[in-house]
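Each residue takes its place number in the sequence, starting with 1.
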Amino acid sequence: MAPVLPLVLPLQPRIRLAQGLWLLSWLLAVVGGLTLLCSGHLLVQLWHLGTFLAPSCPVAALPQVALAASAVALGTGLVGSGASRASLDAAQYPPWRGVLGPLLVAGTAGGGGLLVLALGLALALPGTLDTGLEEGLGTALANYKDTEVPGRCQAKRLLDELQLRHHCCGRHGYKDWFGIQWVSNRYLDPNDQDVVDRIQSNVEGLYLIDGVPFSCCNPHSPRPCLQSQLSDPHAHPLFDPRQPNLNLWAQGCHEVLLGHLQGLASTLGNMLAVTFLLQTLVLLGLRYLQTALEGLGGVIDGEGEAQGYLFPAGLKDMLKTAWLQGGAARRPAPEEAPPEEEPPKEGLPEA
């Protein structure tokens, strides 16, 4: 049976293959390390913004899988560089002969599978992030006033810091604050008729105002921050409610965070694609180098041509043989049939 994808390698191509693999392996190690850093950075960002993501949102799976895949790629690059360099010296190569086999299996099955899974997660992340931020930010706005409720004491501080740091207001815009009660009942005067009227006019008994928290204010605005009566065109002189971006942050936090996290995920996805390409080239090159050297007894400058290949026999024949062997193992042994009785011979007539 002929080997799969054979490649004849004379002396000089063998040496150039080993030298090229040394460079490619170091490049894979560098790219794997950078991918490792990108994965860690995205994981830290998701951890910091976890309050504003739905608990059921599995966005952390991408950086976690990418961390494992990039760690395997980094190891493959380091081991591949050592093996390809040692292959140029017949005295240094023998210890590496037992390392290349497990490396090729681990790099192909483990590293390749993790990279493909991470790339799939990166492609599916935008939709997952959109849903997770929509639900998480809605919950964060609703919990803003609950500064004395156990488990929600930090909700106000975290959301204020988010709006100040990312220059955003509300979930999709500043008007999101008009539809929720963001002032705790503790700070409302029950004797104030305006407060009583607002609460009684709401079906759910909420105190709703056309105002926003201070963290929505844009410090670059030329005028003092306006936080209340934002829908009344006559409440503030020289203020046009139709242009609130002159005084408040114009974008909602959903749009800002989605763009921020998608940018990090896109960078990570590109790094994963480059890592996958480099790891494929390194593993293919190492396999051809390994099989070529095995035919020469591990001596790269041996006389004559060597043949490198991916599999030692035809893939179709290998699969067919494995299938037939598996089928034979599963098939029950036929039971022995009882011997057939010979029919009685008729007696000859007597003379």
Enquirer: May I ask you to test the Gln181-Leu188 pair for a side-chain heavy-atom distance under 4.5 Å?
Expert: yes
Enquirer: According to salt bridge (charged side-chain N to carboxylate O under 4.0 Å, His left out), who are the partners of Glu255, at least two apart in sequence or on a separate chain?
Expert: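 Per chain and number, Glu255 pairs via salt bridge (charged side-chain N to carboxylate O under 4.0 Å, His left out) with no residue.
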Enquirer: Which value, rounded to the nearest 0.5 Å, describes the distance between Lys145 atom NZ and Tyr187 atom OH?
Expert: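 It comes to 13.0 Å.
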Enquirer: Of all the heavy-atom pairs spanning Leu257 and Leu49, show the shortest one and how long it is.
Expert: CD2-CD1, 4.0 Å
Enquirer: Please check if Leu117 and Leu62 belong to a single hydrophobic cluster, counting links between Ile, Leu, Val, Met, Phe, Trp and Tyr side chain heavy atoms closer than 4.5 Å.
Expert: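 Same hydrophobic cluster.
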Enquirer: For residues Val274 and Leu78: do they belong to one hydrophobic cluster (side chain heavy atoms under 4.5 Å, members Ile, Leu, Val, Met, Phe, Trp, Tyr)?
Expert: no
Enquirer: Which is it for Gln64 and Leu121 under the side-chain contact (heavy atoms from CB on, under 4.5 Å) test, yes or no, and what are the steps along the way?
Expert: CA-CA 11 Å; Gln64 290 171 353; Leu121 290 173; over 6 Å; no
Enquirer: Tell me whether Tyr288 is reachable from Leu281 by hopping between hydrophobic residues (I, L, V, M, F, W, Y) whose side-chain heavy atoms are closer than 4.5 Å.
Expert: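 Yes; tracing contacts between hydrophobic side chains, which count when under 4.5 Å, links both residues.
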Enquirer: When clusters are formed from ILVMFWY side-chain contacts under 4.5 Å, directly or step by step, what else is grouped with Leu208?
Expert: Leu206
Enquirer: Can you sort out the partners of Ser215 under side chain to side chain donor-acceptor pair (under 3.5 Å), two or more places apart, ordered by chain and number?
Expert: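 Ser215 satisfies side chain to side chain donor-acceptor pair (under 3.5 Å) with Asp160, Gln163 only.
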Enquirer: Measure across His220 and Trp249 and return the closest heavy-atom pair with its distance rounded to 0.1 Å.
Expert: CD2-CH2, 4.4 Å
Enquirer: Between Leu272 and Ala118, what is the shortest heavy-atom contact and its length?
Expert: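 That closest heavy-atom pairing would be CD1-CB, 3.6 Å.
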Enquirer: Could you check Leu119 against Leu123 for side-chain contact (heavy atoms from CB on, under 4.5 Å), going step by step and ending with a plain yes or no?
Expert: CA-CA 6 Å; Leu119 285 170; Leu123 293 175; 5.7 Å; no
Enquirer: Using the test disulfide bond (SG atoms under 2.5 Å apart), find all partners of Cys225 that sit at least two apart in sequence or belong to another chain.
Expert: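 If we apply the disulfide bond (SG atoms under 2.5 Å apart) test to Cys225, skipping adjacent residues, the hits are Cys217.
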Enquirer: Nearest 0.5 Å please: distance from the CG atom of Leu158 over to the OG1 atom of Thr51.
Expert: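 Rounded to the nearest 0.5 Å, the CG-OG1 separation comes out at 5.0 Å.
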Enquirer: Determine the minimum heavy-atom distance between Thr128 and Pro58, stating which atoms define it.
Expert: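 Scanning both residues completely, I find the closest heavy atoms to be CG2-CD, 3.6 Å.
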Enquirer: Which distance, rounded to the nearest 0.5 Å, do you find between the CG of Leu37 and the CG of Leu42?
Expert: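 The distance works out to 12.5 Å.
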Enquirer: Decide yes or no for Ile199 and Val195: does some side-chain heavy atom of the first lie under 4.5 Å from some side-chain heavy atom of the second?
Expert: yes
Enquirer: Could you walk me through whether Gln45 and His260 pass the side-chain contact (heavy atoms from CB on, under 4.5 Å) check?
Expert: CA-CA 10 Å; Gln45 290 294 308; His260 173 64; 3.1 Å; yes
Enquirer: Only counting residues at least two apart or in another chain, list the ones meeting salt bridge (charged side-chain N to carboxylate O under 4.0 Å, His left out) with Arg152.
Expert: Asp146
Enquirer: Going by the side chain to side chain donor-acceptor pair (under 3.5 Å) test, which pairs reach into residues 16-39, not counting sequence neighbours?
Expert: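 Matches after skipping sequence neighbours: Thr35-Thr275.
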Enquirer: Mind listing the closest non-hydrogen atom pair of Ile180 and Leu141 along with its distance?
Expert: CD1-O, 3.2 Å
Enquirer: Under 4.5 Å between side-chain heavy atoms, hopping through other hydrophobics if needed: is there a path connecting Leu164 to Leu137?
Expert: no
Enquirer: So, does Thr280 use its side chain to make a donor-acceptor pair with the main chain of Phe276 at under 3.5 Å?
Expert: yes
Enquirer: For residues 158-193, which residue pairs qualify under disulfide (SG to SG under 2.5 Å), counting only residues two or more places apart or in two chains?
Expert: Cys168-Cys253, Cys169-Cys216
Enquirer: Out of curiosity, Thr76 OG1 to Leu286 CG, how far, rounded to the nearest 0.5 Å?
Expert: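 Here the interatomic distance stands at 9.0 Å.
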Enquirer: Please report the shortest heavy-atom distance between Asn247 and Pro224, naming the atom on each side.
Expert: OD1-O, 3.3 Å
Enquirer: Would Glu134 and His172 count as having a side-chain donor-acceptor pair, cut-off 3.5 Å?
Expert: yes
Enquirer: Rounded at 0.5 Å granularity, tell me how far CG in Leu28 sits from CG in Leu74.
Expert: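 Between atom CG of Leu28 and atom CG of Leu74 there are 8.0 Å.
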Enquirer: If we only count heavy atoms from C-beta on, is the Pro63 to Leu46 side-chain gap below 4.5 Å?
Expert: yes
Enquirer: Any chance you could pull the hydrophobic cluster mates of Val44, using side-chain heavy atoms under 4.5 angstrom and chaining through other members?
Expert: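 Same cluster as Val44: nobody, lone residue.
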Enquirer: Just so I know, are the side chains of Val149 and Asn143 near enough to count as touching, which here means a heavy-atom distance under 4.5 Å?
Expert: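 Result no, sub-4.5 Å side-chain heavy-atom pair not found.
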Enquirer: Does any pair with a residue in residues 191-204 pass salt bridge (charged side-chain N to carboxylate O under 4.0 Å, His left out), and if so which ones, sequence neighbours excluded?
Expert: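 Every salt bridge (charged side-chain N to carboxylate O under 4.0 Å, His left out) pair that includes a residue of residues 191-204, provided the two are not neighbours, is Asp194-Arg198.
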Enquirer: To the nearest 0.5 Å, what is the distance between CD (Gln279) and CG (Leu284)?
Expert: 10.5 Å
Enquirer: Would a hydrophobic clustering, with Ile, Leu, Val, Met, Phe, Trp and Tyr connected at side-chain separations under 4.5 Å, put Phe52 with Leu125?
Expert: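 Shared cluster, yes.
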Enquirer: Using links of under 4.5 Å between side-chain heavy atoms of ILVMFWY residues, direct or through other members, which residues join Val256 in one cluster?
Expert: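 Val256 clusters with nothing; isolated.
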Enquirer: Can you list the steps and then say if Asp210 with Trp177 is a side-chain contact (heavy atoms from CB on, under 4.5 Å)?
Expert: CA-CA 7 Å; Asp210 54 347; Trp177 291 105; over 6 Å; no
Enquirer: Got a sec, which residues hit salt bridge (charged side-chain N to carboxylate O under 4.0 Å, His left out) with Asp130, two or more places apart in sequence or on another chain?
Expert: none
Enquirer: Among Ile, Leu, Val, Met, Phe, Trp and Tyr joined by side-chain contacts under 4.5 Å, find the other residues sharing a cluster with Leu67 and list them by chain and number.
Expert: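 Grouped by the 4.5 Å side-chain rule, Leu36, Leu43 form the rest of the cluster around Leu67.
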